[in-house]
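Quick notes on the structure that follows.
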Amino acid sequence: MEGNEKVVITSCSHDCGGSCILLVHVKDGVITRIEADDGEEPQLRACLRGRAYRQRVYAPDRLKFPMKRVGERGEGKFERISWDEALDTVARELKRVKNTYGNAAIMHMWSAGSRSQLHGKWLVQRLLNEFGGATEWWGGASNEGQIFAAMATFGDIYTSNTRDDLPNSRLIILWGWNPADSIWTTNTSYFLAKAREAGARVIAVDPKFTSSGAVFADEWIPIRPGTDAAMLIAMAYVIIRENLQDQKFIDTYTFGFEKYRDYVLGREDGVPKTPAWAEAITGVPASTIEKLAREYATTKPAALFSAYAPGRSAMGEQYHRAAYVLAAMTGNTGKAGACAGGGRSYPSHDRMHAPPAKPNPVDVAAPPRKYAIDSAFGGTSGARVHSSKIFDAILKGKAGGYYADIKLLWATDCNLLNQRPNINKGIQALKSLEFIVVSEQFMTPTARFADILLPINTFMERNDVYKPWGGSPYYFFMNKAIDSLHESRSDVEICRELAPRLGIYDYDSTEKTEEQWLREIVEVCEDLPDYESFKKKGIHWAFREPHIAFKKEIQDPKNHPFKTPSGKIEIYSNILAEMNNPEIPPIPKYFKGWEGPSDPLREKYPLQLVTSHYKLRAHSTYDNIPWMRELEPQVVWINLEDARARGIKDGGKVRVFNNRGEMVITAKVTERIMPGVVDIPEGAWFDPDENGIDRGGCPSILANDEHSPGGSFASNTALVQVAKL
Ligand SMILES: Nc1nc2c(c(=O)[nH]1)N[C@H]1C(S)=C(S)[C@@H](COP(=O)(O)OP(=O)(O)OC[C@H]3O[C@@H](n4cnc5c(=O)[nH]c(N)nc54)[C@H](O)[C@@H]3O)O[C@H]1N2
Ligand SMILES: Nc1nc2c(c(=O)[nH]1)N[C@H]1C(S)=C(S)[C@@H](COP(=O)(O)OP(=O)(O)OC[C@H]3O[C@@H](n4cnc5c(=O)[nH]c(N)nc54)[C@H](O)[C@@H]3O)O[C@H]1N2
Ligand SMILES: [Mo]
């Protein structure tokens with residue numbers, strides 16, 4: 001290698017739940033190529049997005065300098081300004097809004113753009129808390145219903161074994177899970193392949209015949225979206241009727257089985273939850289449900305990986321609860337090769353975390369939120385707005401029952417307009433605000449609505465630390481490869497410059513460097529070695545053998561009770577009983593919810609829309625990268641039967657619409673999606689024409705801004721119509 005050439009080790013920190021080794025070749029301060037892990041298996045091999053990152057760093061459309069709006073809000077006309085002018089304006093507006101309306105009128109909206117521990121939202125959040133606080137959100141878009149269900153059932157959110165345990169399974173059910181596309185921990189596909197080699201049978205329950213279904217599954221069971229709880233409950237019916245449950249496990253480790261049995265058998269409401277009952281709801285033949293129930297109950301160990309997507313629905317938490325209960329009924333909890341529930345595995349989240357901020361004074365001042373559960377994403381303060389209700393809260397404020405009238409928005413690593421439901425409402429909401437500042441790398445649909453745009457550097461241009469969100473036990477030191485491009489800055493630099501302008505003068509806010517922050521984060525994490533060797537190595541594994549969720553609770557229940565009120569797996573949840581809300585009952589139940597297959601609205605909008613996560617993007621990140629776009633176009637998947645009935649041809653243009661919005665998109669006519677369901681992958685950039693019709697294929701224009709009673713972000717529940725253009 002030449003003298004001025006180096007290879008830097010880092011990891012991508014965008015939000016696919018993976019975290020992979022990137023070996024970045026840098027020559028004369030310029031990235032020349034990016035290599036993936038090529039070492040021993042299991043590798044942390046980067047996908048095509050990470051390997052294409054050079055195009056993202058050197059993209060001509062990167063935000064290069066601070067800008068201010070000159071045209072109408074949302075029109076996208078901006079003018080270059082200096083950093084001083086940008087930061088002075090932001091500080092002035094923050095102080096004005098605080099003094100005029102109070103801190104709750106400031107909304108900090110952040111999300112998943114940077115999942116690392118230092119850069120991104122954390123220091124902005126910290127700074128705003130020092131400044132007196134801001135309105136924040138609750139209701140994680142990924143899995144709030146899952147968190148709710150897991151806390152009610154187990155008192156814990158780490159429900160899943162690490163992926164290296166998959167080969168110990170004899171039966172794996174990918175329930176609404178497509179990790180070949182959606183990663184969910186870098187090595188998931190590798191270990192699914194290993195599981196197959198070891199002889200496991202794999203079954204996919206999904207309205208789509210996905211890549212994972214095609215590559216790994218022996219059987220595909222299509223199911224109507226949002227009806228999964230009915231199928232799981234009917235499986236419980238078969239298991240109970242045929243006495244296939246693990247009664248000893250139930251007696252030892254669970255609480256309230258009898259009450260659930262009464263509901264399942266119809267003793268509670270007169271409706272036995274038979275496979276025939278479920279067939280009418282789910283579209284899955286009764287005989288298939290029966291067969292799967294028997295197979296699941298009699299093949300040990302079996303991993304029912306209940307993923308997040310079916311829970312991102314109108315009554316999402318019921319699905320998660322029903323899946324956890326089925327796993328417990330069959331003794332598939334806390335054991336190798338089994339799975340208590342799909343989701344996080346190792347609590348690295350709790351072990352390495354962003355710089356602690358003082359509590360948000362706005363949160364502290366507010367009463368608690370109704371029906372809140374501990375561990376809720378974003379906390380339990382009644383000041384918080386559910387992440388799907390932000391536009392509604394901005395438009396309606398206190399008069400609409402929200403905690404505050406929001407006047408100012410600061411969006412950090414978040415494509416709010418694109419990634420939260422009901423874009424047309426969102427446009428109205430953003431237009432109604434007094435001031436918007438967006439910290440971004442690109443001119444996203446949200447950035448177009450900013451009054452001030454702050455250009456942020458990419459992870460190649462700063463040091464950071466990271467752990468994958470799936471909870472695998474490894475950590476990355478993300479080494480800086482190149483200096484910040486153009487006039488972009490890091491969040492650390494921005495917050496440090498802004499602090500004195502806001503009258504905040506403490507050392508942490510004004511002086512502390514990136515390195516000092518990182519040292520502190522690394523030092524408090526018990527899993528990590530010393531800072532220098534971690535930085536040099538780039539990656540550190542806490543351990544390399546399978547981690548089994550709830551192993552202690554099952555092996556030694558006396559000393560390790562579950563963290564629920566009864567100390568057991570709560571089939572009947574005491575916490576939910578106390579909430580006394582018929583829509584979140586103490587036992588899992590099936591509810592129709594809104595915009596499901598039996599909603600009368602189907603006469604007008606007969607198709608169920610799901611919005612899956614897409615292999616060419618991490619949400620909306622990478623949508624503007626040419627190498628990604630070349631690979632596959634954004635399309636709507638529609639079944640042959642539905643297409644024929646509408647005269648739609650493969651590759652033809654169609655309108656997809658409902659009463660919230662409309663888009664024009666290309667149809668992919670395929671039998672890989674069941675009749676009655678269409679899929680538009682999330683994350684494509686909203687691109688309205690002069691009539692407000694989206695030409696970019698962004699499903700948030702069709703999505704309903706409602707959440708489930710337990711807080712699920714319901715991005716897989718919406719009815720639409722599709723018509724030939
Ligand atoms: N490449 C890539 N990977 C990602 C992301 C990304 O943007 N890009 N995002 C990451 C994030 S933040 C998250 S939260 C996860 C999400 O991960 P998932 O929730 O697992 O991902 P999805 O692709 O939305 O859904 C998985 C499958 O569920 C099916 N599905 C949808 N609704 C239902 C239903 O009601 N019932 C059943 N049985 N199946 C249903 C879909 O057809 C799809 O095939 O993915 C992560 N991984
Ligand atoms: N219809 C529909 N909507 C969905 C979903 C769905 O399945 N369907 N999924 C939901 C889910 S699970 C999630 S997690 C959310 C994700 O929602 P978002 O987090 O809003 O999604 P992204 O599109 O990744 O937006 C992140 C933005 O951060 C920017 N960014 C990247 N790095 C940095 C940085 O270091 N600093 C700053 N300031 N910005 C940065 C990126 O350029 C990008 O525009 O979307 C949700 N929305
Ligand atoms: Mo997510």
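Atoms within each ligand, like the ligands themselves, are counted from 1 in listed order.
Aromatic ring orientation, Y319 versus W175: tilted (interplanar angle from 30° to 60°).
Heavy atoms of Y319 found under 4.0 angstrom from ligand 1: none, in either backbone or side chain. At a heavy-atom distance under 4.0 Å, only side-chain atoms of H14, from C-beta outward, approach ligand 2. Residue contacts with ligand 2 for F713 involve side-chain atoms from C-beta outward but no N, CA, C or O (heavy atoms, distance under 4.0 Å). Within the 4.0 Å heavy-atom criterion, neither part of A309 lies near ligand 2. Neither the backbone nor the side chain of M443 has a heavy atom within less than 4.0 Å of ligand 2. The proximity of L616 to ligand 1, defined as any non-hydrogen pair under 4.0 Å, does not occur for either the backbone or the side chain. Of the heavy atoms in A703, none comes closer than 4.0 Å to ligand 2. Contacts of H619 with ligand 1, taken as heavy-atom pairs under 4.0 Å, involve both backbone and side chain. Of all the heavy atoms of T444, the ones lying under 4.0 Å from any atom of ligand 2 belong exclusively to the side chain.
Residues S488 and N457 bring no donor and acceptor atom of their side chains to less than 3.5 Å of each other.
Closest protein heavy atom to atom 7 (O) of ligand 2: H613 NE2, 2.9 Å. Of the protein's non-hydrogen atoms, the one nearest atom 23 (O) of ligand 2 is S620 OG, 2.3 Å. Of all protein heavy atoms, the one lying nearest to atom 9 (N) of ligand 2 is E682 OE1, 3.2 Å. Scanning the protein heavy atoms around atom 18 (P) of ligand 2, the nearest turns out to be S111 OG, 3.2 Å. Ranking protein heavy atoms by distance to atom 35 (O) of ligand 2, first place goes to R462 NH2, 2.7 Å. Protein heavy atom nearest atom 47 (N) of ligand 1, with residue, atom name and distance: S182 O, 2.7 Å. In this structure, the protein non-hydrogen atom closest to atom 39 (N) of ligand 1 is P207 CD, 3.3 Å. For atom 29 (C) of ligand 2, the nearest non-hydrogen atom of the protein is E440 OE2, 3.3 Å. Nearest protein neighbour of atom 31 (C) of ligand 2, counting heavy atoms only, is Q441 OE1, 3.2 Å. Of the protein's non-hydrogen atoms, G113 CA, 3.4 Å is the one closest to atom 26 (C) of ligand 2.
With distances taken over non-hydrogen atoms, the option nearest atom 1 (N) of ligand 1 out of W184, Y614, Y308, W177 is Y614. Nearest-residue assignment for atom 43 (C) of ligand 1 (options D181, D206, N178; heavy-atom criterion): D206. One option in S306, P310, P222 has a heavy atom closer to atom 33 (C) of ligand 1 than any other, and that option is P310. Nearest residue to atom 20 (O) of ligand 2 from N704, N415, D413, T412 is N415 (criterion: closest heavy atom).
Applying the side chain to side chain contact (heavy atoms under 4.5 Å, CB included) rule to K425 yields the partners F391, D392, L395, N422, D705; only residues at least two apart in sequence or on another chain are considered.
The aromatic ring centres of H14 and Y622 sit less than 6.0 Å apart.
At a threshold of 4.0 Å, the pair K615-E632 counts as salt-bridged, since one of the basic side-chain nitrogens sits closer than that to a carboxylate oxygen. The residues R62 and E461 are annotated as salt-bridged, a charged nitrogen and a carboxylate oxygen being separated by less than 4.0 angstrom.
Ligand 1 lies less than 4.0 angstrom from a heavy atom belonging to A618. Contact annotation: G17 has no heavy atom less than 4.0 Å from any atom of ligand 1.
Listed by first then second residue, pairs satisfying side-chain hydrogen bond (donor to acceptor under 3.5 Å, both in side chains) with a partner in residues 206-216 read N178-S212, D181-S211, K208-S612, K208-D679, not counting sequence neighbours.
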- Message: Using the rule given for ring-ring contact (aromatic ring centres under 6.0 Å, His included), can you reason through W137 versus W110, listing the C-alpha separation, both sets of side-chain angles and the distance that settles it, and then say yes or no?
- Response: CA-CA 9 Å; W137 56 276; W110 55 268; 4.7 Å; yes

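For ligand 2, one of its N or O atoms has an N or O atom of T611 under 3.5 Å away. Any N or O atom pair closer than 3.5 Å counts here, and D15 shares no such pair with ligand 2. Between A112 and ligand 2, at least one N/O pair is under 3.5 Å apart.
Note that CH2 of W517 and CZ of R126 are 4.0 Å apart. Values are rounded to the nearest 0.5 Å.
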